[in-house]
Structures are given as structure tokens and as C-alpha cells.
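Everything on this sheet refers to the single structure shown next.
Throughout, residue positions are numbered sequentially from 1 according to the sequence presented. Keep in mind that this is a model prediction, so the values were computed, not measured.
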Amino acid sequence: MSRLHELAAMVRSHLDAGALEGAGPLLLPGLQIIASTAVTEAQQLVYEPMLCVILEGAKNTTLGAETHPYRAGQYLVVSADLPVSGQVIEAPYLAIGVPLDPAMIAELLVEAEGALHEAPPVRALAVSDMDDDLIDTVVRLVRLLDRPQEAAVVGPMVRRELMWRLLNGERADMMRQIGAAGGRLEQVRRAIRWLRQHYAEPMRIERLAEVAGMSETSLHRHFKAVTAMSPLQYQKQIRLQEARNLLLARGRDVAGIGFTVGYDSPSQFSREYSRLFGQPPGRDLERLKADPSLAVAV
């Protein structure tokens, strides 16, 4: 049995009798199982900074106009909060997610005495092939699920090693920027945090630039380099994803939901919702009620 198959079997042994669909709870600090038993439609969700190790199946993630395919034996790194479209294209799909800790990465950079040269931020989503060292480290992290008495002590050390592997791997540029306090990526992430917290408010680019600590021109350039979209496009995606969540919670008050997330025009809200989700809000709600699995984020 290959190391990857061994790892997949270890993870599956911790799934409940009912197969997990979507992202499960953290089984220990820094470890989450993500699974799907079937191919899915494209689903809108927000990725937060994480490492995602793919053990079985394949998936496409679309960021802006870019589609990133990945499959078993590869890993995905995300360095900022990103509204994306994710679709399982080969099932069963099984992956594990590990949140990325900027403070831990910064400590490693300091201890390694690696000088961080100011550089333009890179795209906040990338795919690479796993190597044996990375797989071995992930195996040791997963084994802690069977050793809860050790997890509190050993877990942080294994996660630290995992961050070190990434810092010395193909995505070192992304990892170094995550750990760089005050760097361009951190400035863009300040703007992202503001947009996620204030998505229903009118966006003034001068205010967003002030929050980020950048000029308006610099903000536009670096924000698009990280997220593959403009700040306005980012805000729109967050608004519409929140609108769908409210639709599922509240039901058919489409006009009220559109107003809540920041739209003054019901027709514009319905038009942009249809463009993102494929159907206007009312029909989308009927479809989600008929098949709740369509609302499960994978």
C-alpha cells in the first residue's frame, strides 16, 4: 500500500458510520476532514488560509476567471480569505485541511534567520505535488487522532514541522508572505477583513486603501494579484454568498435579503444572484430545499 493510500485509510477510519459530506469539524486543533461521496455541482464558498492535502478524487476550484484543478497526491495552499467556486469532479473525494498560522510561520522565519525581501504578493491560491517528507509529516499528524493524550503536546510540534516543510517547498514564496508582518499580503488581508465585515456597506475605495495602508493604485494592483479580482468584485461575491445563506435561513423574503446584503435594487440583486448561482433566488431556494446536498460546501 502506498503512503498516500495508507493515509487515506487512516483518515477514513475516523469518519462516522454515516459518510461525511463537506467539511467536518476540527478533530483536533489544526486537522479537519473534507469529503464527498459523489461528484458535485459548483458550490460557492470562502476559503480561509489553509493547507489542503488531497488523498482521493479530484476537484476544480475557480477563483475569479481562473480554474485550478487538483487531485489525489497534490496539495492546495490558500494564503488569504478567498470567495471561490468549488466542484468535485472525481469521487469519492477525500482531503484533510490544516489551517495556516501566520504567527507560527513568522517564528520559523525568525529562527531560520531568513531575511524577507519585500516582493509583490503572489496569487493566494496555488497547487503543488506532494513529496515524501510532506506525506510523512501529515501521517504523523493524523496518527494523533488515535493518541488524544499526546495530541495537546505533540500536535503543535508536528504542525510546526508541517509549516517548515511548506516553507522549504515549492510554495515557499506564499508561506513567507503569510509570515511577513507588515508585508504587502498583510496589507491586502486587512482590506479583505474589512470587506468581509462591512460587505453590506457602500464601498469607498479611498476608505479601503486607508484601512490597508496603501495608495488606491497600489491597493487595486496588489488586491487583484492576490485574489484574481477587484475589491468591488470581491465584495459582490461575499454579498451574494451571504444572501444565499440568508435565503436558506429566512425563506422567500428575496427583496428584504437583497437589501440586507447591500442591494438597493431588487432587480439588480436577482440578476447578479442568477449570474453567480445559475438561477434567481426563489427558484434556487426551491432547488436547495429539494436537494439539501447542493448547499453543502466541499
Side-chain angles (χ1 to χ4, degrees), residues 1-15 20 23-36 47-59 61 68-79 88 90-114 122 124-179 298:
M1 181 184 295
S2 73
R3 296 291 278 161
L4 191 63
H5 290 160
E6 176 190 355
L7 181 54
M10 289 169 57
V11 171
R12 286 206 172 277
S13 72
H14 290 277
L15 293 178
L20 169 70
L26 287 175
L27 298 182
L28 54 83
L31 182 60
Q32 180 182 44
I33 298 177
I34 306 157
S36 177
Y47 283 169
E48 296 182 348
M50 66 169 181
L51 163 69
C52 186
V53 177
I54 297 84
L55 308 179
E56 295 177 344
K59 186 175 174 182
T61 289
H68 300 261
Y70 45 95
R71 60 178 52 253
Q74 295 184 305
Y75 66 90
L76 173 77
V77 176
V78 178
S79 62
V88 174
E90 182 183 313
Y93 176 80
L94 182 66
I96 57 174
V98 179
L100 298 180
D101 183 346
M104 183 181 289
I105 296 166
E107 286 178 6
L108 287 167
L109 287 171
V110 170
E111 290 177 19
E113 298 183 347
V122 296
L125 187 152
V127 177
S128 291
D129 294 331
M130 284 188 276
D131 59 30
D132 290 340
D133 287 338
L134 185 66
I135 293 175
D136 287 343
T137 309
V138 174
V139 165
R140 281 186 279 111
L141 184 62
V142 172
R143 280 180 179 154
L144 290 174
L145 294 173
D146 293 319
R147 303 167 184 171
Q149 71 280 6
E150 296 181 17
V153 175
V154 180
M157 291 187 283
V158 179
R159 290 200 307 276
R160 203 166 185 271
E161 180 185 345
L162 191 55
M163 298 304 106
W164 177 253
R165 298 291 178 200
L166 294 173
L167 272 167
N168 287 276
E170 186 178 359
R171 298 303 166 188
D173 51 353
M174 293 177 67
M175 297 296 294
R176 290 174 69 82
Q177 290 187 351
I178 292 171
V298 180

Which donor-acceptor pairs under 3.5 Å do the side chains of residues 157-166 make with protein atoms, sequence neighbours left out?
| unit_1 | atom_1 | unit_2 | atom_2 | d |
| --- | --- | --- | --- | --- |
| Arg159 | NH1 | Pro29 | O | 2.7 |
| Arg160 | NH2 | Glu111 | OE1 | 2.8 |
| Arg160 | NH2 | Glu111 | OE2 | 2.6 |
| Glu161 | OE1 | Arg140 | NH1 | 2.9 |
| Glu161 | OE1 | Arg140 | NH2 | 3.0 |
| Glu161 | OE2 | Thr137 | OG1 | 3.2 |
| Glu161 | OE2 | Arg140 | NH2 | 2.8 |
| Glu161 | OE2 | Arg165 | NE | 3.4 |
| Glu161 | OE2 | Arg165 | NH2 | 3.0 |

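Between Leu125 and His68 the shortest heavy-atom distance is CD2-CG, 3.4 Å. Between Tyr70 and Gln74, the shortest heavy-atom distance links the atoms CA-OE1, 3.3 Å. Leu28 and Ala151 make their closest contact through CD2-CB, 4.4 Å (heavy atoms, listed as atom of the first residue, atom of the second, distance). Of all the heavy atoms in Val88 and Ser36, the pair that sits closest is CG2-CB, 4.1 Å. The nearest pair of heavy atoms linking Pro102 to Ile178 is CB-O, 3.7 Å.
For the atom pair Tyr47 OH and Thr61 OG1, the distance stands at 3.0 Å (nearest 0.5 Å). Put simply, CD1 on Ile96 and CG on Leu141 are 6.5 Å apart, with the number rounded to the nearest 0.5 Å. With values rounded to the nearest 0.5 angstrom, Leu51 atom CG is found 8.0 Å from Tyr75 atom OH. Note that the CG atom of Leu7 and the CD atom of Glu56 stand 9.5 Å from one another [nearest 0.5 Å]. Interatomic distance, CD1 of Ile135 versus OG of Ser2, reported as 7.5 Å (0.5 Å rounding). We find the CZ-CE distance between Arg3 and Met10 to be 8.5 Å, quoted to the nearest 0.5 Å.
Considering only heavy atoms from C-beta on, Ile105 comes within 4.5 Å of Leu167 through its side chain. Under the 4.5 Å side-chain criterion, counting only non-hydrogen atoms from C-beta, Leu4 is in contact with Met130. Proximity of Arg12 to Pro92: side-chain heavy atoms (C-beta onward) are separated by under 4.5 Å at one or more points. When side chains are defined from C-beta on, Leu100 counts as touching Met175, because their heavy atoms get closer than 4.5 Å. The side-chain heavy atoms of Ile34 and Cys52, taken from C-beta on, include a pair separated by under 4.5 Å.
Side-chain atoms of Lys59 never come within 3.5 Å of backbone atoms of Ile54 as a donor-acceptor pair (strictly under, hydrogens ignored). Distance alone, capped at 3.5 Å, places no donor-acceptor pair between the Gln177 side chain and the Met174 backbone.
With sequence neighbours left out, the side-chain contact (heavy atoms from CB on, under 4.5 Å) criterion links Asp146 to His14.
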